[in-house]
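Notes follow once the structure below has been shown.
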Amino acid sequence: MTEFAEYVAQRHERLRRTAYLLTRDWAIAEDLVQTALARAWLAWRRIDGDPDPYVYRIITNTHASWWRRRWRGEIPTAELPDRVETRDFTREVGDRDVLWTAIGALSNRQRAVVVLHYFEEMTLTQVADVLGCSVGAVKSQLGRALTRLRVDQGVQTMTGAER
Amino acid sequence: MSHTEHDLRELLAARSEGGRGGPARLDEIVARGRRIRRRRGWAAAGTVAAAFAVLAVLVPSLLSGVSGANGRRSDIAARVGETERAPREEGVRLAGARSENTAKVERLSVTPRSDETSYRVNCAEGWAFVRLGDQVDGGVCGAHDTQWTLSGSLDEAREGVPATVEAFTVPASQVPQDVRERSDGTLSSGDFDRMLADSAPREALWEIAIHDGGVSSMSCSPDICLDSGTLPAAHGERNLAGLPNGHQIEGRRLTEINRRVAFAPALHGGARVYVRCEGEELHAFIWAGKGGDDGVLAKSLPCGAKPALWEFSADGPTDVTVAVIRRDRVPDGVDFVSDLRVASDRANLLLRKLTPEAGKWEVSIQQWDEPESKVRVSEGPEGRSYTFGD
């Protein structure tokens, strides 16, 4: 088995999950991962070291690419029920739905930051590297995203965390 | 209600489990890679391109040997940027068309002014397909979970050579899996013809613009991209609907009809309310204010493939209330126009007789970015039209 084949076998499922969190559509996610891996195959000999940053960059770039570009991110969304109860979210399917819906209402960029940081457990520096922007911009996007999601912010504590 | 970062991690992990699809199909990935390489035109340019291809492989390797991993990463990043190079600026419009039907091809004749000719298709919902010669592009277009557009470069366009670009849209449900899988730039002219022949026409707004230079992500007629900005093109071309440019103040996507939904946007100056009911046969009531017993019914309009629209001027904070019902529930002969307070009572009475039920619709409240003094609205036999001052 070639090195590329090994990489695909090991990482495909994880990449597919990440792509799904970005696109929220399994068919598009599969398409996105296949496209990213196909482009990685083309460039494989040029990739030195861990291919992940390169592949994640293709995924996020392609997702927001110029030929399937999302508008400014302010898609009309369903009215979010603002429940006053304080039940533990993790035990309540309804509350999970609220948070999931709210994630869907984030801008493309904000959702990418959230997914890479909280799902892929990347540091903010690594997120910035994948997205091709400054750490400050990532912090700013993440702060706004967490505010919209009503997630208590501990961003600073994550900045130095390692993957 | 607030959540913790732990909640967020758990949710992302749980929601990304499962889904369709199986193990990675390496053969398909490699085949797709080969198609992308062909599409990039390496082979078409013959030995010269082949030489560049060899260099493209060799040079980074040589560089990496000198500058180490960091040097290589920068090189790769630049190449990704090249591959994904987006014409970010809104170029000069060469041609444009709007349509109210899916599965009906629009043909645009253009004479490119340079070798960079771009297109953009905006849709309310669906998939779009564009053809120029052997180039066939297809992809998601319109509001799904997110708002997509289909745009790209017309690779076969040549400066000074007249060309005909064809485009059409179809509902997303009519796109077969094999076409979805090849929408990465490997669709054929046969796919284009087959999709056109196999799709059933229905009403749906969409538009296509062809530009010399690039296309931006911020230019879309506001009756199609309800959440879009509407920047004019580089030379001041307006959005294809000819509507005043604006941006969204508030918007919602709703899944229940037969109930009133209130909005309290902080508006000032020219504004408009769009109610879109894509794929549904509905009727919209739009109130100025809260729409209660003392309400004033501003508009009573059908809402379906075309959105219902109310334009108004706001002197200060203005409440807007909207309700939609099925079109066949609107009684014949009832006047919802002459006396707006009486019309409001009639609409409220109608709503009280109905119970909420499932139905998809969207509301977008948009603020004009242009001074009202420069926009003149007139009603004619062809509908509403606008003229713009300097």
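Computed from a prediction, not measured in an experiment: that's the story for all the values here. A note on names: the letters A, B, ... follow the listed sequences, proteins ahead of strands, and every chain is numbered from 1.
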Portion of Glu28(B) that has a non-hydrogen atom of chain A nearer than 4.5 angstrom: both

Chain B contact via Val33(A) - side chain, backbone, both or neither, heavy atoms under 4.5 Å: neither

Stepwise side-chain contact (heavy atoms from CB on, under 4.5 Å) test for Thr4(B) and Val151(A): CA-CA 5 Å; Thr4(B) 67; Val151(A) 170; 5.8 Å; no

Sub-4.5 Å side-chain heavy-atom contact between Tyr118(A) and Leu11(B): no

CD on Glu5(B) to NE2 on His117(A), rounded to 0.5 Å: 6.0 Å

Passing candidate, side-chain contact (heavy atoms from CB on, under 4.5 Å) with Leu12(B), options Thr18(A), Leu99(A), Ile103(A): Ile103(A)

Interface moiety of Ile29(B) toward chain A, non-hydrogen atoms closer than 4.5 Å: both

Reported CZ-to-CD distance for the pair Arg25(B) and Glu30(A), which is rounded to 0.5 angstrom: 5.5 Å

Spatial distance of atom CD (Glu6(A)) from atom CG (Leu26(B)) [nearest 0.5 Å]: 11.0 Å

Heavy-atom check, side chain of Leu8(B) versus side chain of Phe119(A), under 4.5 Å: no

Arg15(B) (side chain) donor-acceptor with Leu21(A) (main chain) under 3.5 angstrom: no

Listed partners of Tyr20(A) passing ring-ring contact (aromatic ring centres under 6.0 Å, His included), at least two apart: Trp26(A)

Worked check of salt bridge (Lys or Arg N to Asp or Glu O under 4.0 Å) between Arg180(B) and Asp25(A): CA-CA 13 Å; Arg180(B) 290 174 185 269; Asp25(A) 181 303; 5.8 Å; no

Separation of Ser16(B) OG from Arg24(A) CZ (nearest 0.5 Å): 12.0 Å

Candidate pair Val140(B) and Ile28(A), rule side-chain contact (heavy atoms from CB on, under 4.5 Å), full reasoning: CA-CA 9 Å; Val140(B) 182; Ile28(A) 295 175; 4.1 Å; yes

